[in-house]
**Student:** 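This is the structure I have questions about; it appears just below.
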Amino acid sequence: FGEKGFVGIIGADGVFRSRRIGDQVFPGGQQSYSGWLKSIGTKQTGDPVSDNPFDDVRRMYSTRKLLPFPLTVIVGISEEEALAKVYAERAEYFLLTMAGSFGIILFIALLMLQSHRLRKSERAAKDSHAVLSAAAERSLNAFYILKNVRGPDHRIVDFIVIDINEGGAKLLGIPTDTSVGQRLCMLLPDKRDDGLFDKCVKVVEDGMPTEEEFEVESGDIKAGWLHQ
């Protein structure tokens, strides 16, 4: 029954014939414990009792009569020892709860940090786009931003004009508002056959820029030579 467990045999007269607490055995005596026996007899089995005449240990007592003898067995288990496993599990659950809460807080903090970085990147991208657009508009050179269009086989079939500066629009002889959103091969149909379309595809696929000068043979472009 543990280091603080109690076992005793008491008679109908309230006198213990023998009792044991932990490893200590006590012989019977003359003192009557009838009042105490009556008090624990009125409690439900498993109720903790603290007012015992032996020590200050809180125990959960249970009694059983040894019929046909006028004797009663009293067994008491220390509340501390009986609930030790519960306390240990409670401490373990508490640590797990704390660890889980810390993990959730850390996850939320990482999400907030990632969100902050994303907003910062978006602002930087918008600022860079604004600077690039402003520089392109003030440039005398033609400036185009194209987005590739892929077919069912994932091959590039055309390009869409995302942005164009005034110089680029004048070179094509088409207003800026009319050019944006249009497909390149619709604006310049002959560029699919003169090699320009294939060069744009190569730049996208290889990720390497192309720089060259060539003579313009298209009537849609108002220039004799171009450097790209």
Side-chain angles (χ1 to χ4, degrees), residues 1-131 147-148 150 152-154 204-205 207:
F1 298 102
E3 296 180 357
K4 300 178 181 179
F6 176 89
V7 179
I9 299 177
I10 192 171
D13 56 359
V15 177
F16 274 101
R17 303 305 188 258
S18 178
R19 58 189 174 89
R20 175 176 178 175
I21 298 178
D23 294 331
Q24 289 185 314
V25 178
F26 302 89
Q30 300 298 321
Q31 184 176 354
S32 176
Y33 295 95
S34 298
W36 177 73
L37 178 62
K38 183 178 180 180
S39 70
I40 65 173
T42 58
K43 290 181 176 289
Q44 296 180 358
T45 301
D47 282 351
V49 177
S50 58
D51 55 343
N52 69 83
F54 312 112
D55 51 31
D56 295 328
V57 178
R58 294 174 59 86
R59 294 185 181 90
M60 293 178 286
Y61 290 97
S62 178
T63 63
R64 181 179 294 274
K65 291 184 178 181
L66 297 178
L67 298 177
F69 306 102
L71 298 173
T72 300
V73 176
I74 304 175
V75 177
I77 301 176
S78 167
E79 181 184 36
E80 179 184 352
E81 294 176 342
L83 299 180
K85 184 178 180 180
V86 176
Y87 293 150
E89 290 179 350
R90 183 173 64 179
E92 182 179 352
Y93 293 150
F94 177 75
L95 292 177
L96 290 175
T97 302
M98 290 294 294
S101 300
F102 177 76
I104 293 174
I105 294 174
L106 180 61
F107 179 70
I108 294 175
L110 290 176
L111 286 181
M112 294 178 64
L113 178 61
Q114 187 66 21
S115 177
H116 173 72
R117 290 178 176 176
L118 181 59
R119 290 195 300 268
K120 187 177 179 180
S121 298
E122 290 177 349
R123 288 195 299 268
K126 290 180 180 179
D127 293 342
S128 298
H129 180 72
V131 171
K147 179 181 179 181
N148 65 77
R150 296 182 181 270
D153 58 353
H154 300 289
V204 174
E205 299 293 356

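Note: hydrogens, waters and symmetry copies are ignored here, and every other heavy atom, side chains too, is used. All values derive from a computational prediction rather than experimental measurement.
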**Student:** Would you say Leu113 and Arg117 make side-chain contact, with heavy atoms under 4.5 Å?
**Tutor:** yes
**Student:** Identify the heavy atoms of Ile10 and Gly14 that sit nearest to each other, and give their distance.
**Tutor:** CD1-O, 3.3 Å
**Student:** Would you say that more than 12 heavy atoms from the other residues, nucleotides or ligands in this model lie under 6.0 Å from the CD of Glu80, or not?
**Tutor:** no
**Student:** Starting at CD1 of Ile74, measure out to CZ of Phe6 and round the result to the nearest 0.5 Å.
**Tutor:** 5.5 Å
**Student:** So His116 and Arg119, do their side chains get closer than 4.5 Å, heavy atoms only?
**Tutor:** yes
**Student:** Over 60° means perpendicular and under 30° means parallel, so tell me whether Trp36 and Phe16 are parallel, tilted or perpendicular.
**Tutor:** tilted
**Student:** Do you know which two heavy atoms are closest between Gly76 and Tyr61, and how far apart they sit?
**Tutor:** CA-CD2, 3.6 Å
**Student:** Got a second to check how far Leu111's CG is from Leu106's CG, nearest 0.5 Å?
**Tutor:** 9.5 Å
**Student:** Looking at every heavy atom in both Glu81 and Gly5, which two are closest together, and how far apart are they?
**Tutor:** OE1-N, 4.1 Å
**Student:** Can you tell me if Arg17 has over 12 outside heavy atoms packed within less than 6.0 Å of its CZ?
**Tutor:** yes
**Student:** Return the CE to OG distance between Met98 and Ser101, rounded to the nearest 0.5 Å.
**Tutor:** 6.5 Å
**Student:** What's the spacing between Leu96 CG and Tyr93 OH if we round to 0.5 Å?
**Tutor:** 8.5 Å
**Student:** Can you tell if the side chain of Ile21 reaches within under 4.5 Å of the side chain of Arg59, non-hydrogen atoms only?
**Tutor:** yes
**Student:** Taking atom CD of Glu3 and atom CD of Gln24, what is their separation to the nearest 0.5 Å?
**Tutor:** 11.5 Å
**Student:** Should Arg20 and Asp23 count as an ion pair when the cut-off is N to O under 4.0 Å?
**Tutor:** yes
**Student:** Search all heavy atoms of Val57 against all heavy atoms of Ser78 and return the closest pair with its distance.
**Tutor:** CG1-OG, 3.9 Å
**Student:** Atom NZ in Lys85, atom CD in Glu92: separation rounded to 0.5 Å?
**Tutor:** 11.0 Å
**Student:** Do you know the tightest heavy-atom contact between Val25 and Ser18?
**Tutor:** CG1-OG, 4.4 Å
